[in-house]
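For clarity, every value in this text was computed on a predicted model and none was experimentally measured. Just so it is clear: chains get the letters A, B, ... in the order the sequence lines come, proteins before strands, and each one is counted from 1.
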There are 2 protein chains.
Amino acid sequence: MMQTTREKILDAVFKLVYINGYNGTSMAMILKECGIPKGSLYHYFKSKKEMVLTVVKERINPRMNEFYQLDVEEGVEGIDTIISTLYKVSKKELLVSNGCPLNRLNQEMSPVDADFEEEINLVYDSLRNKILLLLNNSSLVEGIDAESLSEFIIATVWGSISLSPKQSSQKRYLSTIKHLINYLKSLKV
Amino acid sequence: MMQTTREKILDAVFKLVYINGYNGTSMAMILKECGIPKGSLYHYFKSKKEMVLTVVKERINPRMNEFYQLDVEEGVEGIDTIISTLYKVSKKELLVSNGCPLNRLNQEMSPVDADFEEEINLVYDSLRNKILLLLNNSSLVEGIDAESLSEFIIATVWGSISLSPKQSSQKRYLSTIKHLINYLKSLKV
DNA sequence: TGTAAACTAGACCATTCAGTCTGTTTTAAG
DNA sequence: CTTAAAACAGACTGAATGGTCTAGTTTACA
């Protein structure tokens, strides 16, 4: 199936912003990457900002949901779904190469632009809520607050991915995740 | 004591880059912030890049060491020093407001510039090595690898700080750190 | 006090930036 | 076939970018 102009643009923007960040990516770079003239691009998006926000919605958000498959399964303890997802994710190389695209943009844009903050938090919240749902569907040892635990899980995964983005080896990342899994297992009743 | 021109520049750069990132901070902004004319500034630093790298060395690095006081204490289990430092750090508000300045710059610049990557990794490594030293000075339950545990600690703390930098409340951050402390305590023999 | 070096000062420069403008071509509907 | 809208195309614009240049001023020391 042939890719539409709009899709070509979004793919190029995702790729370049993932590597160079928002301010590090110029319109000229984007135009060159997707080989589409300026007039066409501005036909689809009214500004650079709107374009990148669209990438968050239509590229990064689905990607996050694809990576972190965290839906409630019949007859499976929620926390076991989380653990097995963590295992699976730790095997996927591409995620680690430049850190988490959402987190990267979050660091750069959220402190400086409320629209980005809002859009990025939507993705983050949906992820956290899925984890929360799974945790509430589990029997945990007493005194464990599911909400703060869901934050902890996300914080640790994101922290692992974002540590020294360029050279962080798969192995290093994996051994970090093992500690998280280790901790989660200790919370099962 | 009076502040030198060079110090004024570094302070302004630290502040602005912390908020806006590297590419989001222009020379014009820096000049305005510190009220120093261009010619003077370029007398001290030959380029924007050199200037920001100097900020990493002379502002961010000492700041990290000041925040994370992780030196070996006589007669104290290393892991207890880590735990009490985590407690202390979680009470310091300023760190959380815009995330960790080192991590922020890391996310933006490391994938794109080898000099930044190197300089930032120096700070990160010194922190990790301190933690490693403390862990090696502790009795941990069997099967725990101190090296990967030190990575895990940093990943979790950085992840906690960087999650939704703007609005992440102190409370939320604190409850995340509690899980880390909880885990660390479970590893004491 | 003479003088070289350190520092201050800001006008100026080429380049790049995001975004606009004015057309041309293609598509789809009647 | 006609026609209006959607899409393509790229030259052009004003503002902002990092950095240079040529001065003037202060400092430190001989």
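B/Y87 does not carry B/K178 over the face of its six-membered ring by the limits of under 6.0 Å from the centre and within 45° of the normal. Within the cation-pi definition used here (under 6.0 Å to the ring centroid, within 45° of the axis), B/R128 does not qualify as a partner of B/F152.
B/F45 pairs by the ring pair (Phe, Tyr, Trp, His ring centres under 6.0 Å) definition with nothing, not counting sequence neighbours. Residues passing the side chain to side chain contact (heavy atoms under 4.5 Å, CB included) test with A/T85 are A/L70, A/T81, A/V89, sequence neighbours excluded.
A heavy atom closer than 4.0 Å to some atom of DNA chain C occurs in B/G39, B/S40, B/H43, B/Y44, these being the qualifying members of residues 39-56 of chain B.
Chain B approaches DNA chain D over the interval D/dT17 to D/dT20, counting the first and last nucleotide 5' to 3' with an atom under 4.0 Å from its heavy atoms.
When only modelled atom types and interatomic distance are considered, A/Y183 and B/N182 share a side-chain donor-acceptor pair under 3.5 Å.
Between the C1' atom of C/dG19 and the CD1 atom of A/I30 lies a distance of 13 Å, rounded to the nearest Å. What separates CE of A/M29 from C1' of C/dA18 is a distance of 14 Å, to the nearest Å.
Pairs passing the salt bridge (Lys or Arg N to Asp or Glu O under 4.0 Å) check and including a residue from residues 180-189 of chain A, sequence neighbours excluded, read A/D80-A/K188. Listed by first then second residue, pairs satisfying salt bridge (Lys or Arg N to Asp or Glu O under 4.0 Å) with a partner in residues 8-20 of chain A read A/D11-A/R59, A/K15-A/E33, not counting sequence neighbours.
Counting heavy-atom neighbours within 6.0 Å of A/K32 NZ, excluding the residue itself, gives a total of 12 or less.
Dashed line: the shortest gap from a side-chain N or O of A/S26 to OP1 or OP2 of C/dT16 is not under 4.0 Å.
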